[in-house]
Amino acid sequence: MKNFNLKSYHVRGMNASTEAEKQAINQELKTLYESLSEEDKKDFNEQLQSFLIKEMAAIKSVYDATQTDDLN
């Protein structure tokens, strides 16, 4: 199983200074995906789903913390 460093793409995208830079990073990721074998695409998709779930959980945790602070 290949390990795809999805966080690096995410961080680069967040730190992109222009929309064109963000689009270039997205295209790089699409090109990588298109170059993968079907088995690697399956691994990529599973890793992406796991990454997104973790990121959403982290965002929710921060959001919930701010909501709790607002109630006090």
For K41, which residues count as a salt bridge (charged side-chain N to carboxylate O under 4.0 Å, His left out) partner, sequence neighbours excluded? E38
Atom pair CG (N45) and CG (L36), whose distance is rounded to the nearest 0.5 Å: 9.0 Å
Test of understanding: with salt bridge (charged side-chain N to carboxylate O under 4.0 Å, His left out), list the residues that count as partners of K30, not counting sequence neighbours. none
Please list, chain by chain and in numerical order, all residues satisfying side chain to side chain contact (heavy atoms under 4.5 Å, CB included) with S37, sequence neighbours excluded. E39, D40
State which residues pass side chain to side chain contact (heavy atoms under 4.5 Å, CB included) with Q49; sequence neighbours excluded, sorted by chain then number. I53
How would you list all residue pairs meeting side-chain hydrogen bond (donor to acceptor under 3.5 Å, both in side chains) that involve residues 14-25, not counting sequence neighbours? S17-E21
Which pair of non-hydrogen atoms, one from A16 and one from I25, has the smallest distance, and what is that distance? CB-CD1, 4.3 Å
Taking only distance into account, with no hydrogens and no angle test, what donor-acceptor pairs under 3.5 Å do side-chain atoms of residues 1-11 form with protein atoms, sequence neighbours excluded?
residue: N5; atom: OD1; partner: S8; partner atom: N; Å: 3.3
residue: S8; atom: OG; partner: N5; partner atom: O; Å: 2.7

Tell me every residue that passes side chain to side chain contact (heavy atoms under 4.5 Å, CB included) with A24, counting only those two or more places apart in sequence or in another chain. none
With sequence neighbours left out, write down each residue that passes side-chain hydrogen bond (donor to acceptor under 3.5 Å, both in side chains) with T31, or none if nothing qualifies. Q27
Hydrophobic side-chain clustering at under 4.5 Å (ILVMFWY, transitive links): who's grouped with Y63? Put none if nobody. none
Sorted by chain and number, sequence neighbours left out, salt bridge (charged side-chain N to carboxylate O under 4.0 Å, His left out) with E28 holds for R12
Taken in chain and number order and not counting sequence neighbours, the residues that satisfy side chain to side chain contact (heavy atoms under 4.5 Å, CB included) with S61 are none
Counting only heavy atoms not in M14 (residues, nucleotides, ligands), do more than 12 fall under 6.0 Å from its CE? yes
Not counting sequence neighbours, list each pair that qualifies as a ring-ring contact (aromatic ring centres under 6.0 Å, His included) and has a residue in residues 12-38. Y33-F44
